[in-house]
Every structure is written in structure tokens, then in C-alpha cells.
Amino acid sequence: MADYILDKLALGVRKAPKDADSHLSSIIAGKINVPPEKLDYKILGKSIDSRRSEPVFIYRLLVSTAENVNLPPATPEQLAALEKAELPFPEKCTLKNPIVVGTGPAGIFGALALAMAGCDPVIIDRGHTVDHRQKAWQKFLQDRQLDVNNNLLIGEGGAGAFSDGKLYTGTKDVNRRFILEQMIEAGAPADIAYVSRPHLGSDKLPGISIKLRKKIESLGGRFLFGKEVTDIVVSNGRCTGVRCGSEVISGPAVLLAPGLGGRELVRKLLSQVEFKLKPFQMGCRIEHPQSLIDRCQYHCAVRPAALGAAEYHLVSRPGDAWGVSSFCMCPGGTVVNATAWEKHSISNGMSNYARSGEFANSCLIATLGADYFASADEAYGLIERMERSLFTAGGGDYTMIAQDAGAFLAGKEGLKNKRNSCEVGIRSGRIDHLLITELQSALRAALKFFDRKCPGFIRDGKFIGVESCVSAPVRFERNEKCESSVAGLYLSGEGVGAAGGILSGAADGIRCALAMLQK
């Protein structure tokens, strides 16, 4: 058997079966004139080309056959890329019991790398296990009493454990393949290794989080849930541990990955560790019928069985207003109140792997420049004022306010159709009144532009809540070895401005862990 590369194999979606990926043998056979029983294949890449009137799957394949075929042979480099990914551990590791704070993507993959190196890391999280978080969320939906340590931002898996689980942040990190392989081993769908826009789904993420934790424990890692890190311990200019209230937990180095939900700890560190203000995003979540998005993207009245719910990525760059782009698009998803703070409300989106819901939602975000604020306190102050205002406008029980896109554009209250996916419910309100002037103007300009791209975007759209927990307004300084200005302290992930999603957060956690090992 010899290996070949078959590139740009096109398959029309109307005739494709729902599980087209496992039924390509006959199509490949017809393409290369080899009987189906005399070939094998592996999918290297898959995307959807919907620029034409009918969407088409585009495949890149590794074809194995003993027959003579007119295909370019696979190179040694291409075949090597299919082998199991390994991390570049040092030959000898003397680091023992380093501390990892946070169990989001950065913390958990940093801990996994340290555990695989034989370091027996100690992993601390103020929240509890993901099954505990699930129960706390259901209780919150019933009684609206928020558990500040177990919610959609805090606890095992971090914010990523209850989201759409998108893995297409664009990172080219060398350890990307390792991360995907570990997720698949932990129960993630196998197609995340080759589809162009992979996602995990809110229904699969909790199980993946549990299996990653159990693997770390089997390698010597120890988890301490329900312990809130309130400060770092510094001795002679070096971080020697963390403080959990009156308790001190000591370690030779600390990898701190607090996530966007660890706002209090991050703000505490601002007086101890060098940082800079950086641009950050905020915006509003907008919801549409999924059928509208399907028609706009797939150019057909009824979505073919082989296609999943359609996504969109829209960007508006008007000359006289801030640019706006869609972010965290959740096809067939739901809108949630993802707050971790009492009397604060924060919109977000989630969707299961099947993305089979009636509605599509995404956040339309604009970027506030680093020079927009004079200090970190001023930036965080704006964020928190918006969250408190949204909570109050919703009636004080975490209900979200909503406003038709057309009413938002006209600057008036309006909610014609109250049918929606939001689990905490909605009530009519003036979202535009909660936003700073520049953000209002940017969103109005973007709505007009997006409606030209997708007719009905304004007519059928409604804004639900304000999304303030998108990215951090600060970035802590790190040297070329990922160490902060405090020796022995490695700050990682979204909450400290070093990443922007599940995949980039996981890659950054590994990067910091490997730097700790090298040191």
C-alpha cells in the first residue's frame, strides 16, 4: 500500500448522506478509477464552500492503495503530521508539586503537561467539579439565587465547559494537534481533527472536562476544589505559593490561570505584577431564527440533511464609527446569563454539539482601544457598571432585557416577538440606553451593513442583554520564558490577557508549563 494526497474533492450536499464523512469510498473510487474495496482513506481537511447557489463539501484526503493512481504521493512530512503528537519535555525534570490555579483551558492543559512530565502538580479552583456546577446552574434557573463559586464562569472546566466549545481561534501554535488529540481521547468528536470550524458542544464539554481531570489525577496531579486563591505569596522577589484566605499553599512555582471569572484576583495582582492596558471587546448578543441564517448562508429554502446549522462571521468597518464583528456565534443555540457576580447580568451563548435549536445567536462586538481609559480601574469600572445596569433593568432577578434590532436602530423601545431561547427569560427594555455612545453608533452602522449581507438581519433580529465578559482590558508582562515580573509566577489564559478562546487558552497553558519545566 502506498499513500497519496487527494485534494479538493467536491461533494454536493443535496445528494450527500447525513454521515457523508464515512461514505466517501465510492466517490474516491470514481475519482481515481480504483475499486472501493482496494483503497482506504483518512480525512485531513473538510470545509463548506457556500459561495455558489448550492453548498459543496470540499475534502482533503490521504488515500492508501496498492493500485497505480495519478495522485501526488504523500510526503514524509505529511505522514509525520499524522503520528501521535508529543510535547517537548526536557530529558530530566526536577520540578515537584508546582501550583496551578484555575481549571479552565489554560489551567487544565498546563496541569496536564506538568503531570505528564512527572511533576505531580497541585491544581486549585474556587469552584467545584463540573457535575456540581451543572446542579448549581439548574438550581439558579429555578430560584435565581446565584452561587458565586459555581456558575457558568466559575468551576471545573471554566467558562469553556458551558459554551459552544468553538476551537477555531486561528492559533497556529505548535501544540494545537496535541490539544485536539487529548480532547478526542477524552471523548470529543473525532471530526475536530479535520473540519475547518470545529466545535465541541455544551453537552459534550462537561464529560471531556471530567476525563481530562481523571487523566491528570492518574498521572499524579491533585485537585483542590472549593478553595479560592485570594493572593500570591512572594518571598525575596519570588512567588513561593498562594494564599487561600488564611491558608498558605506553598510550591516551587505557580501557574495562575484565573479566567475572565477571576476578576477579583486579577485586580489584586495589578498592584504586584507589571501589566499594560490593552484593547478589549464588548457588545450585545443578537438572536435570529436559525432558518433565516440557513437561508442566507446556504442559499436554499430548506437545509439539506448533510449540513449542520449555518454559521456566519460578519465584519463591519465603517469610516465614521468603530468596527464591529460577530463573535462566539452559536448556531441552533441558546442565550444565557453567564454572570459570576451577584446583582450583575452578562449575556452569553451556548449550543450543544448537534446545534439543533430553533434560534441562532452571536455577539456583535466592538473594540475599545487601550487609550480609551486612563487606568485599569476605569476600564473595569465601566464593565461592572454595565453589568449592574443590565441586572437592574431586567427587574433584579437576572432576567435579560431585549430590544428588537429595528427598535435599537430607531432609538426606541420595542419587542414585537417575545419568542426566544434565553433560559432566564426576557423583558422589553432599552439596551441602547445601557451602552456608551460610541458603541451605540457602531452597532447601528453594523446592523445596516449586515442586513445588506443577510436580508432580514434587522427585521428578525433582537438584541438580548449586554456582553461585557469577552476579553480582559489588561495584559500582564511576560518575558521570553513566559515568566511574569515576579519570578516563579506564570500568568496564563484569557483572564490575564494572554489568550482569546479555548484552543488559544489551552496552548498558552502548555506554553507556560513547558517554560516552567525548562527553568
R197 and E311 ion-paired at < 4.0 Å: yes

salt_bridge(E185, K211) N-O dist < 4.0 Å: no

Enclosure of R267 CZ (heavy-atom neighbours >12, cutoff 6.0 Å): yes

N-O pairing of D147 and R133 below 4.0 Å: no

E413 and S428: CA distance, side-chain angles, deciding distance, side chain to side chain donor-acceptor pair (under 3.5 Å) verdict: CA-CA 7 Å; E413 186 170 344; S428 181; 3.0 Å; yes

Nearest non-hydrogen partners of F463 and I431, listed with the distance: O-CD1, 3.4 Å

Residues K135 and D131 bridged, charged N to O under 4.0 Å: no

Salt-bridge contact R177-E181 (side-chain N to carboxylate O under 4.0 Å): yes

N/O donor-acceptor pair under 3.5 Å between D294 side chain and R303 backbone: no

Salt-bridge contact K416-D404 (side-chain N to carboxylate O under 4.0 Å): no

Cation-aromatic face contact K8/Y59, 6.0 Å, 45 degrees: no

Sidechain N-carboxylate O distance under 4.0 Å for R478, D508: yes

Contacts of type side-chain hydrogen bond (donor to acceptor under 3.5 Å, both in side chains), residue S362, not counting sequence neighbours: Y312

Test side chain to side chain donor-acceptor pair (under 3.5 Å) applied to E156 and S209, step by step: CA-CA 7 Å; E156 181 180 24; S209 299; 5.9 Å; no

D432 and R444 ion-paired at < 4.0 Å: yes

Candidate pair Q281 and T367, rule side chain to side chain donor-acceptor pair (under 3.5 Å), full reasoning: CA-CA 4 Å; Q281 292 76 34; T367 299; 3.2 Å; yes

C454/C296 sulfur atoms closer than 2.5 Å: yes

Salt-bridge criterion met for D191 and K46 (N-O under 4.0 Å): no

Test side-chain contact (heavy atoms from CB on, under 4.5 Å) applied to V336 and V424, step by step: CA-CA 7 Å; V336 295; V424 295; over 6 Å; no

Aromatic ring pairing Y372/W322, orientation class (parallel under 30°, perpendicular over 60°, tilted between): perpendicular

CG-CG distance between L270 and D377, expressed to the nearest 0.5 angstrom: 7.5 Å

Distance-only donor-acceptor check, side chains T103 and D125, under 3.5 Å: yes

Enclosure of K278 NZ (heavy-atom neighbours >12, cutoff 6.0 Å): yes

Set of side chain to side chain contact (heavy atoms under 4.5 Å, CB included) partners for E477, sequence neighbours left out: E274, K276

Ring geometry between F223 and F225 (parallel below 30°, tilted from 30 to 60°, perpendicular above 60°): parallel

Qualifying residues under side chain to side chain contact (heavy atoms under 4.5 Å, CB included), relative to F391, sequence neighbours excluded: K343, S345, Y398

